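Treat the numbers as computed from the prediction; the structure is a model and nothing was measured. Whatever order the structure lists them in is the order used to number ligands and atoms, beginning at 1.
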Amino acid sequence: MFAINANKVNIKKNRMLIKGGRELNGEVLVEGSKNASLPMMVACLLPSNGETILQNVPLISDTFITLEILKVIGIENNLSGNTIRVKNLPPKSSMIPKNLASKVRNSILFLGPIVAKLGEVTLYHPGGDDLGERPIDVHIDALKLMGVDIEIEKDIITAKAKQLPLKGAEIELSNPSVGGTAHILITATIASGKTIIKNAAKEPEIEALIDMLNNMGGRITGKGTDKLIIEGVSDIELSGGAHKVIPDRLELATLVTAIAMTRGQATIKGFIPQHNTALLNILDQTGLTYKVVEDYLTIKVEKDLKPFKVECKPYPYISTDLQPLLTSLATQCEGTTHIHDSVFFERFNHIPYLKNMGANISAKGNDIYVQGKSTLTGDVVIGKDIRATSSILCAALCGDGETELSGYYHLQRGHANIIEKINQLNGDIKLID
Ligand code: EPU
């Protein structure tokens, strides 16, 4: 059984004891982005010689599992500090076992590049956060168009290339899937001929992947638009090189929420204005004071926060991943906030617990209404995925009394040292077993 290295991830302790009611103040740094670095790690499979270096990689459990997947397929890698070095050798194994594949969503991204290199792959169904139904049809349909035969039996996905190299194809996505777009970009980089992705995702994490692939020698145009064109190259034309992971805009928003809900004043380093226009729009609606200087965002709560109206949709709209945090934030705004999440249906893991803590929330389907402002009170609560846990964590930091929150395991999937960061800002969180 695969075990996460306990030196890197604390698997023994899952409960946090949070003392509420302390203003968060000071300065804090955002880590590299989880959702940017994971596909970049998969892209390290592509070049067939030399070395690929990834810098500013977040030390989170999804990173360690992805490194473990690279290892089991025979790709040597070394993590030192926040830098990963990957030897660019062809994979030796085409089998990704269940105990790894089922732990992360991004394991599906290995399907295309391994089949493109070795002609076949066996993979267990990917895992990831339980956000309701998370189909993989976009991934499967795209690979089929590129000349891959795929069979899915129970939890096992078996893929075989009809020919190598895989062939470029015109692929129109049924929705702008982030993972689907990343998967096709990586696979099509070493396919023969041209691939066109229509209705592609435009998230900054996709742009970061395109930059990496192009810097390796890939030929991708259309960055930032929903039509991406990839002219395939041979893997021997690709060279590794060094690539820096962009700051995590989701962690940034998590810290903003915690600081705002505790009515603190703090500066966050790692703010990229063009990645965060939708977040700033919400801050404008709430009336919170903020200042941007280079990559520093300083926020300050001077007045009562106003309610806001927001739609969580694919970029450039606000991310669905921020919906749970915004729900929590809305409990501290005076009036009715309406949040519409059009990406996931009933992504509501946080809501019963926020209600138990005193929030006034009604939620159905894709809509959430929060009536604020509410006094939140510490409770014994459970976080069931990364963003639900961080949403409840923010509520606990702002609430009266102590909260016992289970779900540190989930936080470690998406945030490195989040407890240390919040405590550095005057929070009081202890890990208990
Ligand atoms: N979808 C399909 N078919 C597919 C794939 C997706 O119908 O084959 C649908 C999904 O059901 C969903 C929508 O498309 O309604 C968007 O899913 P997407 O494929 O974009 O999600 P993902 O790539 O699996 C990434 C992030 C998630 C984030 C979503 C949406 C990573 C590793 N994960 O997932 O992040 O919620 O995009 O932005 O990049 C998180 O960080 O907490 C997290 C869950």
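- Side chains of Thr52 and Asn88: a donor-acceptor N/O pair is present below 3.5 angstrom, by distance only.
- Judged by the shortest distance from any of its heavy atoms, His183 lies outside the 4.0 Å radius around the atoms of ligand 1.
- Ring orientation note: the planes of Tyr369 and His338 are close to parallel, at an angle under 30° on the 30°/60° scale.
- Remark: the Glu251 side chain and the His415 side chain contain an N/O donor-acceptor pair separated by less than 3.5 Å.
- Of the residues Thr327, Leu255, Leu325, the one that meets the side-chain contact (heavy atoms from CB on, under 4.5 Å) test with Cys394 is Leu325.
- In this structure, of Ser177, Pro324, Gly414, the residue bringing a heavy atom nearest to atom 19 (O) of ligand 1 is Ser177.
- Counting atoms of ligand 1 from 1 in the listed order, those under 4.0 Å from a heavy atom of Val138 are 3 (N), 4 (C), 8 (O).
- Atoms of ligand 1 lying under 4.0 Å from any heavy atom of Arg347, numbered from 1 in the order shown and given with element: 36 (O), 42 (O), 44 (C).
- No part of Glu203 comes within 4.0 Å of ligand 1, judged by heavy-atom distances.
- For atom 40 (C) of ligand 1, the nearest non-hydrogen atom from the set His410, Arg413, Arg387 comes from Arg387.
- Residues Glu51 and Lys87 are not paired through a salt bridge, judged by the lack of any N-O separation under 4.0 Å between the basic side chain and the carboxylate.
- Between Asn35 and ligand 1, at least one pair of N/O atoms sits closer than 3.5 Å.
- For Val178, heavy-atom contacts with ligand 1 shorter than 4.0 Å involve the backbone as well as the side chain.
- In the vicinity of Gly179, heavy-atom distances shorter than 4.0 Å reach the ligand 1 atoms 19 (O), 23 (O).
- Every atom of ligand 1 is numbered from 1 in the order shown, and the set under 4.0 Å from a heavy atom of Thr320 is 30 (C), 36 (O), 38 (O).
- Looking at ligand 1, you won't find any N or O of Gly180 less than 3.5 Å from one of its N or O atoms.
- For Asn366 and Asp341, the side-chain atoms include no donor-acceptor pair closer than 3.5 Å.
- Here the CG atom belonging to Leu123 is positioned 8.0 Å from the CD1 atom belonging to Ile136, to the nearest 0.5 angstrom.
- Both tests do not hold together for Lys202 against Tyr315: distance to the six-membered ring centre under 6.0 Å, angle to the ring axis within 45°.
- Residue-to-ligand polar distances place Asp321 within reach of ligand 1: an N/O pair is separated by less than 3.5 Å.
- For ligand 1, the polar-atom distance check against Pro135 finds a nitrogen or oxygen pair separated by under 3.5 Å.
- Taking a 6.0 Å sphere around CD of Glu153, one finds it holds 12 or fewer heavy atoms contributed by other residues, nucleotides or ligands.
- Under the side-chain hydrogen bond (donor to acceptor under 3.5 Å, both in side chains) criterion, Gln285 pairs with Asn281, not counting sequence neighbours.
- When the heavy atoms of Phe345, Phe344, Tyr315 are ranked by distance to atom 12 (C) of ligand 1, first place goes to Phe344.
- For the pair Ile136 and ligand 1, a heavy-atom separation below 4.0 Å is found.
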